[in-house]
Amino acid sequence: MFRWSQVGDVWRVQDGPHWFDISATDTCFRVRSNVDESAFRSLFRMDVDHAAMYGGIIKRGPELQEHLGSLNGLRMMRPFSATETLMSFLCTSNNHIARIKTMVGTLAGYGVPTEVGYAFPEAEVIASVSETELRAKGFGYRGASIPKAAAMIADWGGEASLQSLKQQEFGAVRERLLGLPGVGPKLADCILLFALDFGESVPIDTHIWQALTRLYFPEWSNTDLTHKKYEASAEFFRARFGEWAGVAHQFLFVDNMLNWRERKKESALGTSVDSD
DNA sequence: TACGGACCTTTC
DNA sequence: AAAGGTCCGT
């Protein structure tokens, strides 16, 4: 989710038409929102038995025990808006967080105002924006794929059609998503996991690739992630953690992200042949 | 079928 | 130089 912001001691997150202002006291969280408590509970997966899930993950993969311990309380989000999630991930390819947040904020700006910001627009609205306009606003080459993908989604039936994909088979939905311009294997898996709640999905980005090679495929350390290696390692991880693979992946991601600089140095030391 | 580059722009 | 990759050509 790329529309988090901090306003004083209040954390704000916007999700499609929803917004939440969250502040913490010693004993609880106080939440102000334009929707009811059930939406907040769904967003943070409060319906999930996390103790059982942690136990299950550690049983299948003891190597993740330290990750789960040091990041205890980490929650994967369950966004309400599949449209916003999909459009957001279209902004992420070959890109960095700061710029992605700006771009998602720009897309949200095409929606209707709320008390605190904007409701993320329907795909149909984004489809009506020109490539030229998005390029002028700093989207680069993604300015071409975003409206095209939005037009296809609008043609499918918009948000409701995306929600209906949740009832279909993993592989079939993945193929469908891969048909969208700008969506390759990694984005398809992100959309499956975060927008459509397919827990078995394993998105492999640069961070996860580092973690996977370190833990499971040392012979592939410091090699490029090719399509073949992508599918092989994702399938391995899915077989290991099943419906919890996505959550397990999230712990690896955050751990690697937090130790990003450090890891990069270590990696550079190991392959310093071409560095000056 | 499997790599190698180009691709927009910003940040470190 | 690299960033929460994808696409096209060889």
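A note on names: the letters A, B, ... follow the listed sequences, proteins ahead of strands, and every chain is numbered from 1.
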Problem - Atom-to-atom span, CD1 of A:Ile146 to P of B:dC8 - whole angstrom - result: 13 Å
Problem - P spacing across the pair C:dC7 / B:dT10, given as an integer number of angstrom - result: 23 Å
Exercise for the section: Specify the residues of residues 96-108 of chain A, ordered by number, for which at least one heavy atom lies under 4.0 angstrom from an atom of DNA chain C. Expected result: A:His96, A:Ile97
Exercise for the section: Examine B:dC8: is either OP1 or OP2 under 4.0 Å from a nitrogen or oxygen in the side chain of A:Arg135? Give yes or no. Expected result: yes
Handout entry: Strand-adjacent residues in residues 186-197 of chain A, judged by heavy atoms under 4.0 Å from DNA chain C
Key = A:Lys186, A:Leu187
Exercise for the section: Give a yes or no answer on whether the side chain of A:Arg99 reaches the backbone of A:Gly138 with a donor-acceptor pair at less than 3.5 Å. Expected result: yes
Problem - Strand-adjacent residues in residues 223-234 of chain A, judged by heavy atoms under 4.0 Å from DNA chain B - result: A:Thr226, A:Lys228
Fill in the blank from the handout: Taking Watson-Crick and G-U wobble contacts under 3.5 angstrom, with | marking pairs to another strand and [ ] crossing pairs, the secondary structure of DNA chain C is written |||.||||||
Practice task
Return yes when atom CD of A:Glu219 has more than 12 non-hydrogen atoms of other residues, nucleotides or ligands closer than 6.0 Å, and no otherwise.
Solution key: yes
Practice task
Establish, yes or no, whether the cationic atom of A:Arg176 lies under 6.0 Å from the six-membered ring centre of A:Trp156 and within 45° of the ring axis.
Solution key: yes
Problem - C:dG4 versus B:dC3 - spacing of their P atoms, nearest Å - result: 25 Å
Exercise for the section: Rounded off to whole Å, could you give me the CZ-to-P distance for the A:Arg142 and C:dG5 pair? Expected result: 10 Å
Problem - Ring center gap for A:Tyr54 and A:Phe251 short of 6.0 angstrom - result: yes
Exercise for the section: Please determine if A:Arg3 and A:Glu84 form a salt bridge, counting it only when a charged side-chain N lies under 4.0 Å from a carboxylate O. Expected result: yes
Exercise for the section: Treat each ILVMFWY residue as a node, draw an edge where side-chain heavy atoms are under 4.5 Å apart, and state whether A:Ile97 and A:Val13 are in one component. Expected result: no
Practice task
Classify the side-chain pair A:His50/A:Arg45 by whether it contains a donor and acceptor separated by less than 3.5 Å.
Solution key: no
Practice task
Could you tell me the separation between the NZ atom of A:Lys148 and the P atom of C:dT6, rounded to a whole number of Å?
Solution key: 17 Å
Practice task
Look only at the side chain of A:Arg142 and the backbone of A:Phe139, and say whether a donor-acceptor pair between them is shorter than 3.5 Å.
Solution key: yes
Completion exercise
dist A:Phe80:CZ -> A:Phe40:CZ (nearest 0.5 Å) comes out at 16.0 Å
Handout entry: Within 6.0 Å of OH in A:Tyr110, more than 12 heavy atoms from elsewhere
Key = yes
Practice task
Take atom CZ of A:Phe253 as the centre, draw a 6.0 Å sphere, and report whether it contains more than 12 heavy atoms from other residues, nucleotides or ligands.
Solution key: yes
Fill in the blank from the handout: Scanning both residues in full, the closest heavy-atom pair of A:Phe44 with A:Arg75 reads O-NH1, 3.0 Å
Problem - Separation of atom CZ in A:Phe139 from atom P in C:dT6, rounded to whole Å - result: 18 Å
Handout entry: Flag for A:Asp36-A:Ser38: side-chain donor and acceptor within less than 3.5 Å
Key = yes
Problem - A:Tyr230-A:Phe170 co-clustered via ILVMFWY side chain contacts under 4.5 Å - result: yes
Exercise for the section: For nucleotides B:dG5 and C:dA1, find the distance between their C1' atoms and express it as a whole number of Å. Expected result: 16 Å
Handout entry: Test item: side-chain donor near acceptor, A:Thr223 and A:Lys229, under 3.5 Å
Key = yes
Exercise for the section: Please check if the side chain of A:Asn34 supplies one atom and the backbone of A:His18 the other of a donor-acceptor pair under 3.5 Å. Expected result: no
Practice task
Assess the pair A:Phe236 and A:Phe217: is the distance between their ring centroids shorter than 6.0 Å?
Solution key: yes
Fill in the blank from the handout: Nearest heavy-atom contact between A:Arg238 and A:Ala245 is CA-CB, 4.0 Å
Completion exercise
Contact check, residues 68-94 of chain A vs DNA chain C, heavy-atom distance under 4.0 Å, returns A:Thr92, A:Ser93, A:Asn94
Can you tabulate the close N/O pairs, meaning under 3.5 Å, that link protein atoms to atoms of nucleotides 7-10 of chain C?
from: C:dC7; atom 1: OP1; to: A:Gly182; atom 2: N; distance (Å): 2.8

Practice task
Answer yes or no: are there more than 12 heavy-atom neighbours, outside A:Glu231 itself, under 6.0 Å from its atom CD?
Solution key: yes
Fill in the blank from the handout: Taken to the nearest whole Å, CD1/A:Ile204 to P/C:dT6 is 11 Å
